[in-house]
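To start, the structure under review is shown below, and the notes come after it.
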Amino acid sequence: MTATDPADADNPPSGLPSVYSPASVETKLYERWVDRGYFTADATSDKPPFTIVLPPPNVTGQLHMGHAPQHTLMDAVTRRRRMQGYETLWLPGMDHAGIATQNVVERELGKEGISRDDLGREGFVERVWQWKAEYGGRILGQMRRLGDGVDWSRERFTMDAGSSRAVGTMFKRLYDDGLIYRAERIINWCPRDRTALSDIEVDHSDDEGELISISYGPITVATTRVETMLGDTAVAVHPDDPRYAHLVGTEIELPLTGRRIPIIADEHVDPAFGTGAVKVTPAHDPNDFEIGQRHGLPAITVLDERGVITTHGPFKGLDRFEARPAITAALRELGLVVAEKRPYIHSVGHCSRCDTVIEPRLSLQWFVKVESLAKAAGDAVRDGRVTIHPPEMARNYFEWVDNMHDWCISRQLWWGHRIPVWYGPEGEVVAVGPDDEPPSGDGWRQDDDVLDTWFSSALWPFSTLGWPAETADLEKFYPTSVLLTGYDIIFFWVARMMMFGLYAMADRGPEGSMPFRTVALTGLVRDDRGRKMSKSAGNGIDPLEWIDTYGADAARFTLARSASPGSDIPVSEELAQGGRNLITKLWNATRFAILNGATVEGPLPDLQTLPATERWILSRLTRTAADIDGYFEDFQFAKACDALFHFTWDELCDWYLELAKLPLERGGVEATATRRVLGHVLDVLLRLWHPVIPFVTEELWTTLTGGETVVLAPWPTGLVTGGAAALVDVATVDGPAESLITQLQAVVTEVRRFRAEQGLRPAQRVPARIDGLANGALGPFEDQIRSLARLQIPTDDFQETAAVVVGHSGRAVRVALDLSGTIDIGKERARLTKAFGVAVNEVALAEAKLADEAFIAKAPAQVVDKIRVRLGDAVAEVERLRGQLDALPPETLPPDQSQQ
RNA sequence: GGGCGCGUAGCUCAGUGGGAGAGCACUGCCUUCACACGGCAGGGGUCGCAGGUUCGAAACCUGCCGCGCCCACCA
């Protein structure tokens with residue numbers, strides 16, 4: 001059916017097929033935009049800058065449903081600013097993603113049967129670069145398909161020369177300021193990736209384990225990690241615990257090892273937990289490490305970097321998870337296991353990259369001393385220099401920033417920025433800046449570790465603009481305007497950019513140093529049942545499939561219309577279809593306009609000369625544009641999309657286009673005015689839509705207006721430059737026209753409802769006489785009302801069999817219908833009776849309210865007035881319905897039904 | 001353990017003191033000349049529960065129940 005070939009019928013006049021096929025225009029348009037340099041920023045421009053930071057996707061990454069909404073929203077924000085006349089910069093790039101990328105390449109090597117050790121450090125890193133050249137950055141191509149208007153001439157990578165230089169500079173500065181230090185600490189260690197991790201790279205989950213109570217002679221301890229007992233160097237009890245007071249200061253023998261360890265008293269112990277006695281393993285537990293520090297205990301490491309036991313003959317060489325049952329068994333044999341609780345559910349840390357259980361491990365690492373940096377990062381939000389949207393998310397930010405631990409930045413990886421520190425033969429430690437010569441000579445060697453990926457990410461807002469050099473870009477585009485990202489990386493990225501930005505740019509003063517002025521947090525993508533998207537749950541939806549099936553615009557609109565600040569975004573196939581339908585609707589509306597000669601040429605006719613229908617749509621357009629502009633300003637994308645959707649579908653298509661058909665058909669002066677108004681409305685509407693659905697609006701706008709591009713067309717409101725303020729003029733706001741058309745709609749809707757209730761076919765024309773129009777302002781629209789409600793001019797033998805009355809008192813419109821032969825009197829009587837009952841009830845309610853003295857005494861006058869008006873309406877309604885009931889012809893039933 | 005948030009139509013969600021809304025889904029009629037990816041009309045909700053404030057509560061307060069997320073060094 002739909003295989004009608006519209007190209008034949010419609011192509012000649014409109015140039016647009018009746019069904020939009022995104023695939024045929026999207027790629028072409030994107031290339032055109034890039035070629036014409038629309039997205040290329042000019043640092044020498046006089047326009048005010050608008051800069052938005054693209055969270056650099058992992059070089060290994062693919063565009064997934066998590067990115068799609070954020071990219072859409074960033075693009076929409078940027079496009080609107082561009083149309084408003086800002087010099088916009090949206091700078092693309094990728095993150096080298098240390099562990100993730102190293103893992104991918106190692107897996108590749110694994111397929112060839114070799115390990116990274118076979119290649120050596122240099123060979124391996126070389127291999128990663130090769131991999132990047134060949135497979136990396138697929139996501140960049142996917143961004144083009146989404147329509148991201150980024151400045152490709154400024155594309156960056158966190159490991160490129162400029163970024164590396166920024167990293168080196170930053171490290172050196174922090175080091176010289178005493179904000180980077182090296183220390184032996186308990187850190188999170190991933191035995192599979194064999195590297196240290198920062199606290200936030202550890203995900204905690206409640207896992208099944210076991211709680212084993214072991215007798216250490218006179219005292220019993222409980223543990224979930226039996227294997228670490230080999231490294232115990234004390235047993236701790238609470239200082240006030242009377243049960244153990246006599247044992248504090250004595251020594252016991254540690255089972256299986258023969259070592260003697262002290263019993264000590266420490267405030268950290270909770271006497272109410274377990275036996276109230278804790279085994280202390282300073283090398284393998286962060287709390288125990290601190291207890292050890294306080295009491296001068298030795299730290300004995302019993303696990304190596306792969307999580308394998310390194311001591312104690314029978315257990316040496318066992319993996320930690322093999323050692324656990326082995327040691328439990330050995331203790332049980334000695335009769336020392338006094339209680340076992342399993343399953344025991346407790347919180348266990350996992351590597352956020354590979355899910356391996358984290359092993360707290362004592363090791364020598366580099367740290368950023370965060371105290372002063374975090375304080376500054378918190379203050380910048382507290383004193384309003386940086387705004388967080390939505391505001392309640394700021395609490396999360398503060399909670400983290402105010403309680404931050406020092407940041408472990410060294411990683412035992414090969415892929416990343418190598419720590420610029422050299423160690424000399426005499427134990428010298430020298431941090432080397434990017435412009436300095438590293439020390440040479442015998443015995444000097446560079447640190448083997450690399451920096452946490454997030455170290456370079458934290459510099460992204462200014463390293464991409466040329467820092468540490470004082471470039472024109474940095475001057476023009478820093479601080480950036482908006483950071484739009486998911487709330488899941490507030491800690492990983494947002495807070496760290498704040499810390500580093502404020503520090504590195506401190507010479508610009510408090511108002512110029514922050515990395516961005518506004519942080520707009522988006523939700524995460526969920527499926528239509530609120531579940532997180534994941535491949536394993538089988539509910540992953542691929543945004544590229546949506547683009548293939550429905551087009552980029554449909555995908556973008558679908559995502560944007562669900563995006564409320566900070567709220568999660570549900571996605572489903574049905575929603576995407578709704579998006580596709582909207583695009584088609586807009587397409588056809590514009591196509592209709594073009595087919596009917598809509599034009600943007602010449603000035604708009606004087607408002608006074610226009611019929612109320614035209615003044616109404618212009619008034620609605622102006623209000624809608626203002627609403628939308630405000631919603632964009634507040635990152636209320638869902639509301640902006642809703643307003644656009646509602647105006648496009650319910651007002652423009654359902655009413656204005658239908659109303660316009662008559663004057664367009666008639667031609668002449670009327671048609672000329674309507675064509676101009678129609679062209680204007682679509683011109684403005686397509687501009688308003690463009691930030692969200694760039695492709696289809698470009699195709700339609702250029703066809704409609706003959707303009708070069710909508711990308712650079714002035715935004716209808718909130719302009720900072722350009723002379724297009726007249727696009728939406730406050731003067732077009734027209735209350736009387738709006739209420740008049742509302743009345744017109746009510747008349748048409750009432751007649752339609754009546755017709756539907758009578759079971760009339762939509763196309764069937766019914767003779768009708770319309771009273772009450774002539775003395776009202778609706779008079780000129782009788783023909784349109786007849787057209788919309790399918791009412792004919794009364795014939796000579798007109799015979800009123802039913803009437804529809806809309807409104808009351810002198811302003812009522814009465815439509816008398818001749819339904820002889822078709823009307824179902826019974827149905828109509830039932831309908832009127834029901835409505836009559838409702839109206840009577842209304843009257844009773846309102847009267848009761850007005851009789852309530854307590855209410856009258858306290859309610860505001862306007863509320864009382866409102867109720868009086870309501871009472872008047874209800875009384876009129878009762879009268880009206882009574883009249884209609886009385887006017888109803890007597891019911892005549894077919895003979896065969898008269899018995900029922 | 002701490003923090004944040006949520007519970008409104010079958011589903012996903014708007015709605016921050018004055019007559020319960022949207023999209024999708026559902027029902028009926030319709031290939032009406034922009035659009036069947038459409039049109040018209042319609043059904044459907046004790047706004048989680050219980051108290052309180054108020055003339056008036058989906059909204060404000062308290063408690064309870066249920067759910068989600070984040071943070072946390074409970075052995």
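Since the model is a prediction, treat every value here as computed from it, not as a measurement. In what follows, chains carry the letters A, B, and so on, assigned in the order in which the sequence lines appear, proteins first and then strands, with residues in each chain numbered from 1.
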Between [X] ([atom1]) and [N] ([atom2]), how many Å, whole number?
X	N	atom1	atom2	value
N596(A)	C33(B)	CG	P	14 Å
I291(A)	A75(B)	CD1	C1'	9 Å
R580(A)	C35(B)	CZ	C1'	12 Å

With under 30° as parallel and over 60° as perpendicular, where do the rings of Y344(A) and H346(A) fit, or are they tilted in between?
tilted

Could you tell me how the ring of F557(A) sits relative to the ring of W689(A): parallel (under 30°), tilted (30 to 60°) or perpendicular (over 60°)?
perpendicular

Enumerate all atom pairs, one protein N or O and one N or O from nucleotides 23-30 of chain B, separated by less than 3.5 Å.
residue, atom, partner, partner atom, Å
C30(B), OP1, R761(A), NH1, 3.1

So what does [X] hit on the nucleic acid, given a heavy-atom distance under 4.0 Å: a base, only sugar-phosphate, or nothing?
X	result
F491(A)	sugar-phosphate
S562(A)	nothing
D488(A)	nothing
L657(A)	base
Y344(A)	sugar-phosphate
E665(A)	nothing
K866(A)	nothing
H646(A)	nothing

Partner nucleotide, any strand, of [N] [Watson-Crick/G-U, under 3.5 Å]:
N	value
C37(B)	none
A72(B)	none
U46(B)	none
A9(B)	none
U53(B)	none

Residues 846-858 of chain A vs salt bridge (Lys or Arg N to Asp or Glu O under 4.0 Å), sequence neighbours excluded, gives none

For F367(A), does the six-membered ring have the charged nitrogen or CZ of R185(A) within the cation-pi criterion, i.e. under 6.0 angstrom from the centroid and within 45° of the normal?
yes

Measure from NZ or CZ of R561(A) to the centre of the six-membered ring of W649(A) and say whether it is under 6.0 Å with the direction within 45° of the ring axis.
no

Where the side chain of [X] is concerned, which of [options] is the nearest nucleotide?
X	options	value
P860(A)	G18(B), G42(B), A72(B)	G18(B)
K585(A)	G15(B), C69(B), A34(B)	A34(B)
A589(A)	C55(B), A34(B), A75(B)	A34(B)
E842(A)	G19(B), A72(B), G5(B)	G19(B)
R753(A)	A41(B), A34(B), C55(B)	A41(B)
T584(A)	A41(B), G18(B), C37(B)	C37(B)
E399(A)	A75(B), C69(B), G3(B)	G3(B)

Give a yes-or-no answer on whether the side chains of E201(A) and S198(A) include a donor-acceptor pair shorter than 3.5 Å.
yes

Side chains of D266(A) and H238(A), donor plus acceptor under 3.5 Å
no

Would you measure the distance from the [atom1] atom in [N] across to the matching atom in [M] and give it in whole Å?
N	M	atom1	result
C74(B)	G68(B)	C1'	23 Å
G43(B)	C55(B)	P	36 Å
U8(B)	G23(B)	C1'	15 Å
G48(B)	G39(B)	C1'	39 Å
A22(B)	C64(B)	C1'	32 Å
G15(B)	C60(B)	C1'	16 Å
A9(B)	G45(B)	P	11 Å
C61(B)	C67(B)	P	23 Å

Go through the N and O atoms of the side chain of R395(A) and the base of C4(B), and report whether any donor-acceptor pair is under 3.5 Å.
no

Residue pairs passing the side-chain hydrogen bond (donor to acceptor under 3.5 Å, both in side chains) test where at least one lies in residues 222-233 of chain A, sequence neighbours excluded
Y216(A)-D232(A), R225(A)-E359(A), E227(A)-R324(A), T228(A)-K279(A), D232(A)-K279(A), D232(A)-T281(A)

With a 4.0 Å cutoff (strictly under), does any side-chain N or O of [X] reach OP1 or OP2 of [N]?
X	N	value
T749(A)	A41(B)	yes
K639(A)	G15(B)	yes
K661(A)	C33(B)	no

Earlier contact from the 5' end, RNA chain B, for T223(A) and D852(A):
D852(A)

Would you mind telling me which residue lines up with the more 5' stretch of RNA chain B, P271(A) or D203(A), judged by nearest nucleotide?
D203(A)

So do F695(A) and Y20(A) actually touch side chain to side chain, heavy atoms under 4.5 Å?
yes

Using modelled atom types and a 3.5 Å cut-off, is there a donor and acceptor pairing between side-chain atoms of R556(A) and backbone atoms of P69(A)?
no

